[in-house]
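Input: a single structure, listed below in structure tokens.
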Amino acid sequence: MRVKEKIKVSIEGREFEVERGTPLGEIFKEAGVKDALGGKIGDRIIDLQTPVMEGGEIKPVRKSDPESLEILRHSLAHIMAQALKELYGTEKVHLGVGPTTEEGFYYDVEVEGHRITEEDLPKIEEKMREIIKRDYPILRKELEREEAIKLFEKLKEKYKIEIINRIPPEEVISVYEQGDFIDLCKGPHLPSTGKAGAFKLTSISGAYWMGRADQPQLTRIYGMAFWSDKELRQRLRFYEEAKKRDHRKLGRELEFFLIDENVGAGLVLWLPRGSVYRRVLEDYWKEEHIKRGYEFVYTPHVGKSKLWEISGHLECYKPNMFPAMEMEGEEYYVKPMNCPFHIAIYKSKVRSYKELPIKLAELGTVYRYEMSGVLHGLMRVRGFTQDDAHIICTPEQVDDVIRDTLDLALSMLKDFGFEDFKIYISTKPEDAIGSEEQWEVSENALKKAVEDLGYTYEIDEGGGAFYGPKIDVKIRDAIGRLWQCSTIQFDFNLPERFDMTYVGPDNKKHRPYMIHRALLGSIERFTGILLEHYAGLLPVWLSPTQVRIVPIADRHVDYGRKVLEVLQREGFRADIDERDERMNAKIREAELMKIPFVLVVGDREAESGTVSVRSKKEGNLGSMTIEEFVKLLKEKIERKE
RNA sequence: GCUGGCGUAGCUCAGUCGGCAGAGCGCGGGAUUUGUAAUCCCGUGGUCGCGGGUUCAAGUCCCGCCGCCAGCUCCA
């Protein structure tokens with residue numbers, strides 16, 4: 001079968017000529033590479049049994065390389081599948097897919113006649129350990145398509161057959177066998193089950209077959225896996241720690257917000273302390289937008305059905321909208337987006353090319369009926385405020401507008417202390433509207449803007465909306481999940497639907513470009529991420545209470561009030577704790593509320609006109625004059641520390 | 001919406017086999033006047049998420065709904 005063709009491979013700087021199709025393990029043996037579990041060719045990791053079909057660089061993957069975890073986790077997924085089959089019967093367990101994740105693996109399975117719950121996990125783990133102890137060799141085999149289908153039909157693996165039917169004809173079909181368990185798999189795998197490392201089955205959930213809601217739902221069993229127990233325990237501890245910085249917990253503790261069951265799921269009540277922070281955030285946002293030539297507008301929360309008909313929302317977005325309200329024979333909808341209102345403002349008069357770009361901005365509160373299962377604290381809610389704006393410009397202005405918008409987005413994110421974000425550009429999907437030219441101009445503007453500003457991006461090919469391409473900026477939460485914040489989207493649809501025009505130098509009507517953008521995303525989600533990012537200890541400029549004054553005894557209250565007066569005159573958000581409590585208790589409370597500065601005042605301070613400064617971040621800073629403290633605080637706020 | 005889990009005081013949680021609803025914090029009152037993360041005493045607090053069922057008896061068992069949590073799908 002094999003053609004005796006020679007290929008050249010290079011391993012750790014040395015060149016070898018081998019027969020095409022030689023298993024990697026044999027190549028390594030010849031090259032004297034020891035301890036490798038597999039190799040990396042380009043982006044693909046293969047194991048020792050996999051034949052090498054093409055020449056080029058092969059990087060050995062050893063236990064010490066992070067890539068080796070991929071091999072470990074793949075094999076553990078198989079070991080788990082084998083354990084399930086042994087526990088619940090080979091023909092009762094139907095396997096879906098079992099890939100690796102960032103820190104482990106999962107397998108989607110269907111078990112006939114048994115509902116797997118978390119209580120089953122220890123039992124499954126135990127069986128897995130048994131299989132590991134048996135140390136089965138893991139053998140790779142390549143099968144003809146017909147053979148493979150026959151095999152998996154015999155095994156009653158209906159999902160595997162579906163997968164085989166989707167494998168392109170030119171690709172080889174491989175299976176891996178360990179003991180009496182055999183599974184369709186590309187690999188890579190360990191040489192034997194005994195080589196597996198530390199693992200723990202962590203959770204269970206439902207997952208649609210093929211990721212499609214119209215397909216059956218399988219049970220997804222998640223596992224975490226590392227080579228050593230130590231790493232595994234570290235990772236588990238990280239999650240314990242992360243729980244403490246969950247914004248839902250912090251939001252309650254710091255009295256930022258509340259979601260009340262009787263108000264409704266996904267509807268946020270902002271408490272006084274959270275509202276102070278929010279006002280600071282919004283003021284900052286407005287300042288930054290004024291600097292960049294935005295004009296602010298206010299628009300209503302409901303609009304007539306006619307508006308949503310023209311915009312197309314009733315056609316495409318209705319399942320996500322709160323249902324209609326009827327008044328005097330007219331239907332109204334609560335707005336899921338601000339665009340139609342901003343467009344109505346644009347259209348209120350004839351626009352000349354001389355006034356473009358027009359940038360209409362609004363902290364616009366919208367309502368979307370999100371499915372109940374997706375709601376998540378402030379991150380995913382049903383009523384939220386977008387830091388929205390629509391930019392209407394000429395084709396010639398597109399490049400500048402996009403660069404300026406992205407620059408504003410990233411400079412704001414930096415002011416909030418975010419450095420670790422990912423930028424995605426989504427391009428034209430299959431069923432897109434708009435001309436080739438529009439798509440080209442827009443996609444180029446997006447890419448150019450990112451490049452000009454010196455960032456890298458990932459392309460989500462075909463991931464754009466049908467009405468235009470976009471840039472998304474995503475930020476991580478406490479446990480590493482990415483959330484979309486900034487979004488800059490072209491829209492070729494609404495200008496057509498609303499017949500938006502401007503008069504050009506040729507005195508003719510032209511169709512403008514419209515860009516829809518939200519830079520923080522929504523105030524709610526942004527706040528959630530911010531709280532997690534800082535574990536609740538917000539930078540001083542955003543902190544609801546910046547300074548708390550703690551008089552040691554009643555007789556120090558007067559002096560404390562004098563200090564308070566100075567601070568408030570300087571524009572700081574300060575208060576004084578006059579309760580009949582011990583100083584220690586007051587300090588503790590201030591610490592728990594994560595107030596950045598506590599000023600302790602007693603006899604010594606009152607006499608010398610000083611304050612004793614305690615910083616949440618740096619501890620006791622000792623005494624200084626009030627003026628010195630004012631200066632210190634002003635600097636911190638100025639630098640947005 | 002789907003799969004699995006959970007819902008007891010404002011918060012964190014205990015409540016055994018179906019047999020009188022508990023603790024700490026908080027909150028109210030009093031004492032105390034304190035030097036960098038909890039002073040002491042007394043008091044207050046409940047439609048056990050909501051509705052139905054089984055039972056002599058339900059926080060506990062069963063069913064439906066609501067909400068929350070982890071994912072899936074979707075998304076700012």
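Lettering of chains follows the sequences in order, A, B, ..., and the numbering in each one begins at 1.
- In summary, the aromatic rings of A/Tyr534 and A/Phe418 are positioned with their centroids too far apart to meet the 6.0 Å limit.
- Sorted by first then second residue, the side-chain hydrogen bond (donor to acceptor under 3.5 Å, both in side chains) pairs that include residues 587-603 of chain A, not counting sequence neighbours, are A/Arg555-A/Asp603, A/His556-A/Asp603, A/Glu591-A/Arg614, A/Glu591-A/Lys616.
- Near RNA chain B, meaning a heavy atom under 4.0 Å away, there are no residues from residues 416-431 of chain A.
- The side chain of A/Gln386 places no N or O atom within less than 4.0 Å of a non-bridging phosphate oxygen (OP1 or OP2) of B/A76.
- For the contact set between residues 590-601 of chain A and RNA chain B, defined by any heavy atom under 4.0 Å, the members are A/Glu591, A/Leu592, A/Val600.
- The list of side-chain hydrogen bond (donor to acceptor under 3.5 Å, both in side chains) pairs with a residue in residues 464-473 of chain A, not counting sequence neighbours, reads A/Tyr467-A/Gln489, A/Lys470-A/Asp472, A/Asp472-A/Gln484, A/Asp472-A/Thr487.
- Partners of A/Arg525 by salt bridge (charged side-chain N to carboxylate O under 4.0 Å, His left out), not counting sequence neighbours: none found.
- Between the side chain of A/Arg525 and the base of B/C75, at least one donor-acceptor pair of N or O atoms lies under 3.5 Å.
- Looking at residues two or more places apart in sequence or on another chain, you find no side-chain hydrogen bond (donor to acceptor under 3.5 Å, both in side chains) involving A/Arg582.
- With sequence neighbours left out, the side-chain hydrogen bond (donor to acceptor under 3.5 Å, both in side chains) criterion links A/Thr385 to A/Arg278, A/Thr365.
- Using a 4.0 Å cut-off between charged nitrogen and carboxylate oxygen, A/Glu524 and A/Arg380 do not count as a salt-bridge pair.
- Residues A/Trp483 and A/Gly266 both approach RNA chain B. Their nearest nucleotides, taken by heavy-atom distance, put A/Gly266 toward the 5′ side.
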Are there any protein N/O atoms within less than 3.5 Å of an N/O atom in nucleotides 72-74 of chain B, and if so, which ones and at what distance?
residue : atom : partner  : partner atom : Å
B/C72   : O4'  : A/Gly206 : O            : 3.2
B/C72   : O2'  : A/Tyr208 : N            : 3.0
B/C74   : O2   : A/Arg380 : NH1          : 3.0
B/C74   : O2   : A/Arg380 : NH2          : 2.3
B/C74   : N3   : A/Arg380 : NH1          : 2.9

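- Residues forming a salt bridge (charged side-chain N to carboxylate O under 4.0 Å, His left out) with A/Lys636 (at least two apart in sequence, or on another chain): A/Glu618, A/Glu641.
- Residue pairs satisfying the salt bridge (Lys or Arg N to Asp or Glu O under 4.0 Å) criterion with at least one member in residues 252-276 of chain A, sequence neighbours excluded, are listed as follows: A/Lys249-A/Glu253.
- Counting distance only, with no hydrogens placed and no angle test, the side-chain atoms of A/Glu605 and the base atoms of B/G35 include a donor-acceptor pair under 3.5 Å.
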Watson-Crick and G-U pairing of RNA chain B written in dot-bracket, each distance under 3.5 angstrom, with | for inter-strand partners = (((((((..((((.....[..))))((((((.......))))))....(((((..]....))))))))))))....

Distances under 3.5 Å between protein N/O atoms and the N/O atoms of nucleotides 8-13 of chain B, please, pair by pair.
residue : atom : partner  : partner atom : Å
B/U12   : OP1  : A/Arg252 : NH2          : 3.0

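- Protein atom CG of A/Asn338 is 11 Å distant from nucleotide atom C1' of B/A76, rounded to whole Å.
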